[in-house]
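Take a look at the structure set out below.
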Amino acid sequence: MKIVVLVKHVPDAQFDRHINGPGNTTDREESILSELDEYALEAALQLAEERGGPKAGNEVIALSMGPSGAVNAVKKSLQIGAYSGVHLSDDALAGSDAAATSLALAAAIRHISADGRPVDLVLTGMASTDGETSLIPAQLAERLNFPQVTFASSLEVAGSQVTARRDAGAFSETVEAQLPAVVSVTDQINEPRYPNFKGILAAKKKKIASLSLADIGVDASQVGLAGSWTVVESAEARPPRTAGTIITDDGDAGIKLVDFLAAQKLL
Amino acid sequence: MANALVFIDNPGAALKKSSLELLTIARSLGETAVAFTGELTDDVAATLGAYGATTVYRPSVEELDNYLVGPKAAYLAAAVAASGATVVLLDNSPEGKEIAGRLGIKLNAGVITDVVGVEADGTAHKSVLAGSYNTTAKATTPVTVLSVKANNVEPAPAGADAAPATVTVEVPAEGLANSARIAARTEKPVSGRPDLSEARIVVAGGRGVDGDFGPLEELADALGAAVGASRAATDAGWIGHDAQVGQTGVTVSPQLYISAGISGAIQQKAGMQTSKVIVAINKDAESPVFEIADYGIVGDLFKVLPQATEEIKKRKG
């Protein structure tokens with residue numbers, strides 16, 4: 001089975017994050033592998049291991065699109081256990097919205113399939129921890145004409161069928177789709193493994209393929225700010241919330257709270 | 001020719017407040033049509049008319065619900081073509097956003113999610129990076145697709161009651177092929193409380209609740225609020241994952257957010273800092289949540305919450 005896991009290099013949410021790039025894009029200093037992608041990677045590794053791992057012809061390929069620093073997300077994925085990596089990088093990609101990003105990723109996945117072994121499964125996290133739009137799995141599925149299964153909290157593959165459980169809104173659902181498919185997974189699906197010393201050493205020997213737009217047959221005008229269908233016209237830092245009144249309970253804080261709510265017309 | 005098309009998916013016997021909000025926004029953009037799925041009751045049709053919808057589109061097939069997203073996006077694309085609408089409005093649920101995403105690719109249309117305000121020309125306002133920036137964004141394409149968060153406009157009927165025309169839209173066959181099929185579906189128990197993502201008031205608990213959400217539930221019921229939780233509380237199994245507020249759960253922006261026994265680590269702040277008013281109750285005066293609370297109480301939630309609940313009941317008497 002050939003599995004591609006999308007991994008994204010995102011600003012670390014533990015620190016303040018800033019919009020100051022061209023076209024109001026996010027500052028990507030202090031970036032890390034998006035936490036939610038680790039669940040997708042773990043799911044891919046488990047599926048491949050159940051099938052006998054690399055010796056049995058399984059592949060787990062970590063694919064990241066982004067500037068030079070984004071290769072770190074691929075490297076981290078290799079340390080965790082991905083078998084190989086692909087880094088799609090081109091200056092023209094900067095500022096791509098979801099539509100342009102999904103176009104480039106779809107072309108990269110077709111490129112990865114072009115060696116005669118088509119991709120069976122594309123796994124992603126439920127959202128990136130920067131843009132948080134959750135659009136990429138759906139838009140990628142639409143572009144590749146694959147079925148999409150999103151927010152999977154469990155995942156099984158038998159033959160050419162993928163079965164997933166999802167707890168969406170008012171329902172719990174069991175969902176079935178034929179491979180090849182795009183599947184996004186939630187943080188409920190597994191407990192991601194950490195890179196260990198052996199994994200970190202092994203990662204140094206693993207291959208990372210670098211792809212440019214020319215390699216995947218995409219024109220610069222189709223991506224980046226030029227190829228995006230949305231534009232961010234302005235971005236203003238929201239004034240930080242400041243602390244209001246703080247009281248210590250002397251036995252009547254519940255009543256004072258109700259007074260506060262009444263004064264705010266919230267009762 | 002409609003200017004705006006609102007997608008309303010299976011409302012059941014009555015329209016949700018979030019749908020009424022979408023219809024209210026749509027009217028500010030011009031003539032409004034609705035792409036509808038599910039049973040169209042007389043009451044719902046009358047409400048659609050009262051909110052200014054001139055045409056209600058319905059799909060030619062009834063099995064859209066047996067599949068994930070794909071066929072609904074195909075139906076909606078056909079409804080956009082039939083209506084000539086230039087702005088499409090959907091709710092901001094995970095499914096709403098995915099339908100928006102696929103629709104965008106089908107129509108070569110820009111998609112903006114998590115929208116909190118829409119101007120007459122389709123320019124959208126949203127907050128990003130966990131509420132730390134306010135942005136305005138715009139599609140550069142002939143059609144704009146927007147998924148809009150609940151609780152950002154007050155629903156208002158149009159004033160004139162005209163029954164909308166209903167028109168059937170042919171769903172393209174390829175919409176059903178190549179989509180994931182729903183093999184089984186079970187409805188979760190209904191709490192009777194408002195939906196977390198739409199609630200005007202949220203009462204949320206964390207580690208400090210120590211397994212007992214009882215006092216939070218009682219306060220929530222007195223306030224007509226939804227109950228939320230931090231990841232620590234859902235991971236501990238004290239409450240269902242559905243209740244989780246934050247980056248990997250539900251993002252909320254209610255009028256009032258009451259945080260009880262939650263320290264306010266950054267991921268928790270992320271899910272709630274666009275709330276209008278934040279109240280925090282925590283034993284630890286050093287908790288980061290007090291840095292952003294409009295009203296903070298350093299105290300024991302097991303004493304403060306029941307006292308507040310009693311007081312609210314007394315005043316509402």
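Note that the coordinates shown come from a computational prediction; the quantities given were computed from them, not determined experimentally. Letters A, B, ... mirror the listed sequences (proteins, then strands); counts begin at 1.
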*Start with the C-alpha distance between A:Q264 and B:D294, add both sets of side-chain angles, then the distance that settles side chain to side chain contact (heavy atoms under 4.5 Å, CB included), and finish with yes or no.*
CA-CA 11 Å; A:Q264 298 281 327; B:D294 299 287; over 6 Å; no
*In plain terms, say whether B:R315 and A:D259 are close enough for a salt bridge, that is, a side-chain N and a carboxylate O under 4.0 Å apart.*
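Between A:D259 and B:R315 there is a salt bridge, with a charged N closer than 4.0 Å to a carboxylate O.
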*Got a salt bridge between B:R231 and A:E35, using NZ or NE/NH1/NH2 to carboxylate O under 4.0 Å?*
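Yes, this pair counts.
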Can you see which heavy atom on [X] is nearest to which on [Y], and at what distance?
X	Y	value
A:T230	B:T140	N-OG1, 4.2 Å
A:A237	B:Y133	N-CD2, 3.5 Å
B:D242	A:D167	OD1-O, 4.3 Å

Please flag which part of [X] lies under 4.5 Å from any non-hydrogen atom of chain B: side chain, backbone, both or neither.
X	value
A:L135	side chain
A:A253	both
A:A164	neither
A:N145	both
A:Q188	side chain
A:F146	backbone
A:S228	backbone
A:L36	side chain
A:Q148	both
A:T242	backbone
A:T26	side chain
A:L261	side chain
A:A127	neither

*asked:* Looking only at the side chains, is there a donor atom on one of A:S134 and B:E98 sitting less than 3.5 Å from an acceptor on the other?
replied: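 Not at all, the side chains of A:S134 and B:E98 share no donor-acceptor pair under 3.5 Å.
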Region of [X] that comes under 4.5 Å of a non-hydrogen atom in chain A:
X	value
B:T123	side chain
B:A285	neither
B:K276	backbone
B:I201	side chain
B:D114	side chain
B:V279	side chain
B:A183	both
B:N108	both
B:V128	side chain
B:I281	side chain

First locate atom [atom1] of [X], then atom [atom2] of [Y], and finally report the distance between them rounded to the nearest 0.5 Å.
X	Y	atom1	atom2	result
A:F171	B:D65	CZ	CG	8.0 Å
A:I255	B:Q307	CD1	CD	4.0 Å
A:E173	B:R185	CD	CZ	4.5 Å
B:T135	A:I19	OG1	CD1	6.5 Å
A:R166	B:E95	CZ	CD	7.0 Å
A:L267	B:L223	CG	CG	6.5 Å

Answer yes or no: is there a side-chain heavy-atom contact under 4.5 Å between [X] and [Y]?
X	Y	answer
B:D300	A:D249	no
B:I182	A:T174	no
B:T136	A:V232	no
B:I297	A:L257	yes
A:L266	B:Q255	yes

_Counting only heavy atoms not in B:K316 (residues, nucleotides, ligands), do more than 12 fall under 6.0 Å from its NZ?_
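Yes - once you tally the heavy atoms of other residues, nucleotides and ligands closer than 6.0 Å, there are more than 12.
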*Decide if atom CD of A:Q161 counts as having more than 12 heavy atoms of other residues, nucleotides or ligands within a radius under 6.0 Å.*
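Yes, CD of A:Q161 has more than 12 neighbouring heavy atoms, counting only those of other groups under 6.0 Å.
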_In terms of relative ring orientation, are B:Y295 and A:F260 parallel, tilted or perpendicular, with 30° and 60° separating the classes?_
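Correct class here is parallel.
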Counting heavy-atom pairs closer than 4.5 Å to chain A, which one of [options] comes out on top?
options	value
B:G101, B:A280, B:G110, B:A184	B:A184
B:A180, B:S147, B:A124, B:G70	B:A180
B:N178, B:T113, B:V304	B:N178
B:A308, B:A222, B:S93, B:G299	B:A308

*Do A:Q139 and B:V111 pass the side chain to side chain contact (heavy atoms under 4.5 Å, CB included) test, and can you show the C-alpha distance, the side-chain angles, and the key distance before you say yes or no?*
CA-CA 10 Å; A:Q139 297 206 319; B:V111 180; 3.9 Å; yes
